[in-house]
Number of protein chains: 2
Amino acid sequence: MKNSAERLTEELNKKGLRPSHQRIKILEYLANHPCHPTAEQVLFEMKKELPTLSKSTVYKTLNAFVEAEMLREITIENNEVRYEYNLADHGHFKCEKCGEVYDFEIDFDISQPEELSGFKINDKNIYFKGVCKSCLKKKQNI
Amino acid sequence: MKNSAERLTEELNKKGLRPSHQRIKILEYLANHPCHPTAEQVLFEMKKELPTLSKSTVYKTLNAFVEAEMLREITIENNEVRYEYNLADHGHFKCEKCGEVYDFEIDFDISQPEELSGFKINDKNIYFKGVCKSCLKKKQNI
DNA sequence: TATTAATATAAACTTATTATTAAATCAAAC
DNA sequence: GTTTGATTTAATAATAAGTTTATATTAATA
């Protein structure tokens, strides 16, 4: 575990968030897995460790983390918000077959487009869609 | 009008869509305005010309146009789908103040990222968020 | 321990989208 | 021009899914 509960507790304290058991566990999960779960997926996953975890706690916790800039919200599809711990600029690829989201490195220091001169840019997003290697492989084996 | 009703009628016929009055008007609107409306905004706008236009017609029409690859769906926020006639690759900027969406040119021929080698890419999207020039100007005048 | 904040539970809400069905429109044949 | 059949539209209701709220309970801090 790169991110120990101790370190994450400290991180929560720094942000003025009381380090409850649930918050530490949820943050630990996101910090130590390169995943991009929806709120629903976080709930499903964390129920294994925290059987009493509730939907409202997950939503409140994730929103609090985004507010505190500990997590990043990503929008690829119009019907789901995903969360990730990785705050560094990078692109996302979503597989149309399996739904998995992959990270990829890409140069975000694109020169500011002429059309946006005088604009204040707060957030840059790049996402691709298609079929991932693993799903392409499956298809061939049919 | 760059795109006459006649030309659009032909386009609809080519795609196998009966060129109804509503379809022509909606397509005409999108083809001649560089806008990125939601279904709701299309309804609101077109009601001026087509007072009896209904929600279901707008949704069906827009979906049919996307299906026929006459319009492109764009997802920036998780709670709204926007539509545009411009099928060429370009980026989008959404202003967090006024909600307006702007187009900008950007090089999409980025070399395929290493992490995506072996992946099939069907769709590339780039969107920025921030505050547009016009809203920045307003702020200064307060 | 007292105080304050966070969680669990269930229910309610919000809102984009779709289904349904009757009426209207259109194309084509008569 | 009229009839016929199929497609499209209008209007309403229903769906569906993610998200939020109310409240009682529990946990964390001072």
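In what follows, chains are A, B, ... by sequence order, proteins preceding strands, each numbered from 1.
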Visitor: Whole-Å distance between C/dT17 P and B/Leu62 CG?
Guide: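 Those two atoms, CG and P, are 9 Å apart.
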Visitor: Can you sort out the partners of A/Asp123 under side-chain hydrogen bond (donor to acceptor under 3.5 Å, both in side chains), two or more places apart, ordered by chain and number?
Guide: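 Partners of A/Asp123 by the side-chain hydrogen bond (donor to acceptor under 3.5 Å, both in side chains) criterion, ordered by chain and then number, come out as A/Asn125.
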Visitor: Respond yes when some side-chain nitrogen or oxygen of B/Ser56 is under 4.0 Å from OP1 or OP2 of C/dT18, and no when none is.
Guide: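 For C/dT18, neither OP1 nor OP2 has a side-chain N or O of B/Ser56 closer than 4.0 Å.
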Visitor: Check the distance between C/dC13's C1' and A/Lys55's NZ and give it to me in whole angstrom.
Guide: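 So the two atoms are 13 Å apart, to the nearest Å.
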Visitor: Identify whether the distance between the nearest side-chain nitrogen and carboxylate oxygen of B/Glu10 and B/Arg7 falls below 4.0 Å.
Guide: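 Salt bridge flag = no for B/Arg7 with B/Glu10.
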Visitor: Select one nucleotide: of D/dT20, D/dA28, D/dA10, the one nearest the side-chain heavy atoms of A/His21.
Guide: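 Of the candidates, D/dA28 comes closest.
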Visitor: Any donor-acceptor pair under 3.5 Å between the side chain of A/Ser54 and the base of C/dA10?
Guide: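 Answer no: no donor N or O sits under 3.5 Å from an acceptor.
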Visitor: Between A/Gln22 and C/dA8, does any side-chain N or O lie under 4.0 Å from OP1 or OP2?
Guide: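 A/Gln22 to C/dA8 OP1/OP2: side-chain N or O found under 4.0 Å.
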Visitor: Can a salt bridge be assigned to the pair A/Lys94 and A/Glu77 using a cut-off of 4.0 Å between side-chain N and carboxylate O?
Guide: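 The answer is yes: the pair qualifies as a salt bridge.
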Visitor: Please pick, from C/dT7, C/dT17, C/dA8, the nucleotide with the shortest atom-to-atom distance to any side-chain atom of A/Arg23.
Guide: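 Nearest listed nucleotide: C/dT7.
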Visitor: Taking the side chain from A/Glu45 and the backbone from A/Val42, do they hold a donor-acceptor pair closer than 3.5 Å?
Guide: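 No, the answer is negative, given that no donor and acceptor are paired below the 3.5 Å cut-off.
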Visitor: Measuring to OP1 and OP2 of C/dT18, would you say a side-chain N or O of B/Asn63 lies under 4.0 angstrom away?
Guide: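 Yes, because at least one side-chain N or O of B/Asn63 sits under 4.0 Å from OP1 or OP2 of C/dT18.
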Visitor: Does NZ or CZ of A/Lys133 fall inside the cone over B/Phe119's six-membered ring, less than 6.0 Å from its centre and within 45° of the axis?
Guide: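 Output no; distance or angle outside limits.
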Visitor: Respond yes when some side-chain nitrogen or oxygen of B/Tyr59 is under 4.0 Å from OP1 or OP2 of C/dT18, and no when none is.
Guide: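 Result: no.
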Visitor: Mapping B/Asn79 and B/Lys60 to their closest nucleotides on DNA chain C, which lands nearer the 5' end?
Guide: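 Of the two residues, B/Asn79 wins.
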Visitor: Surrounding NZ of B/Lys47 (heavy atoms of other residues, nucleotides or ligands, distance under 6.0 Å), is the total greater than 12?
Guide: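 Count over threshold, so yes.
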Visitor: Mind listing the closest non-hydrogen atom pair of B/His92 and B/Ile74 along with its distance?
Guide: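 The pair with the smallest heavy-atom distance is CE1-CG2, 3.4 Å.
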Visitor: A/His36 vs A/His90 aromatic rings, parallel, tilted or perpendicular, using cut-offs 30° and 60°?
Guide: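 Aromatic pair A/His36/A/His90 classed tilted.
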Visitor: Let me know the distance between CG of A/Leu50 and P of C/dA6, rounded to the nearest Å.
Guide: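 These atoms are roughly 17 Å apart.
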Visitor: With axes from five pairs an end, tell me the bend angle of the helix from C/dT1-D/dA30 to C/dC30-D/dG1, nearest 10°.
Guide: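 End axes: 30° apart.
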Visitor: What are the residues of residues 11-20 of chain A, sorted by number, that bring a heavy atom to within less than 4.0 Å of DNA chain D?
Guide: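 Heavy-atom contacts with DNA chain D come from A/Arg18, A/Pro19.
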Visitor: Please give, in whole Å, the distance from C/dT17 P to B/Arg82 CZ?
Guide: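 In whole Å, C/dT17 P lies 11 Å from B/Arg82 CZ.
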Visitor: Hey, does A/Glu40 reach any base, or is it just sugar-phosphate, or nothing, if we go heavy atoms under 4.0 Å?
Guide: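 Touches sugar-phosphate only.
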Visitor: Taking the six-membered ring for Trp, are B/Phe65 and B/Tyr85 closer than 6.0 Å centroid to centroid?
Guide: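 So the answer is no for these two rings.
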Visitor: Nearest-Å distance, CD (A/Gln41) to C1' (D/dG18)?
Guide: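 Checked: the CD to C1' distance equals 13 Å.
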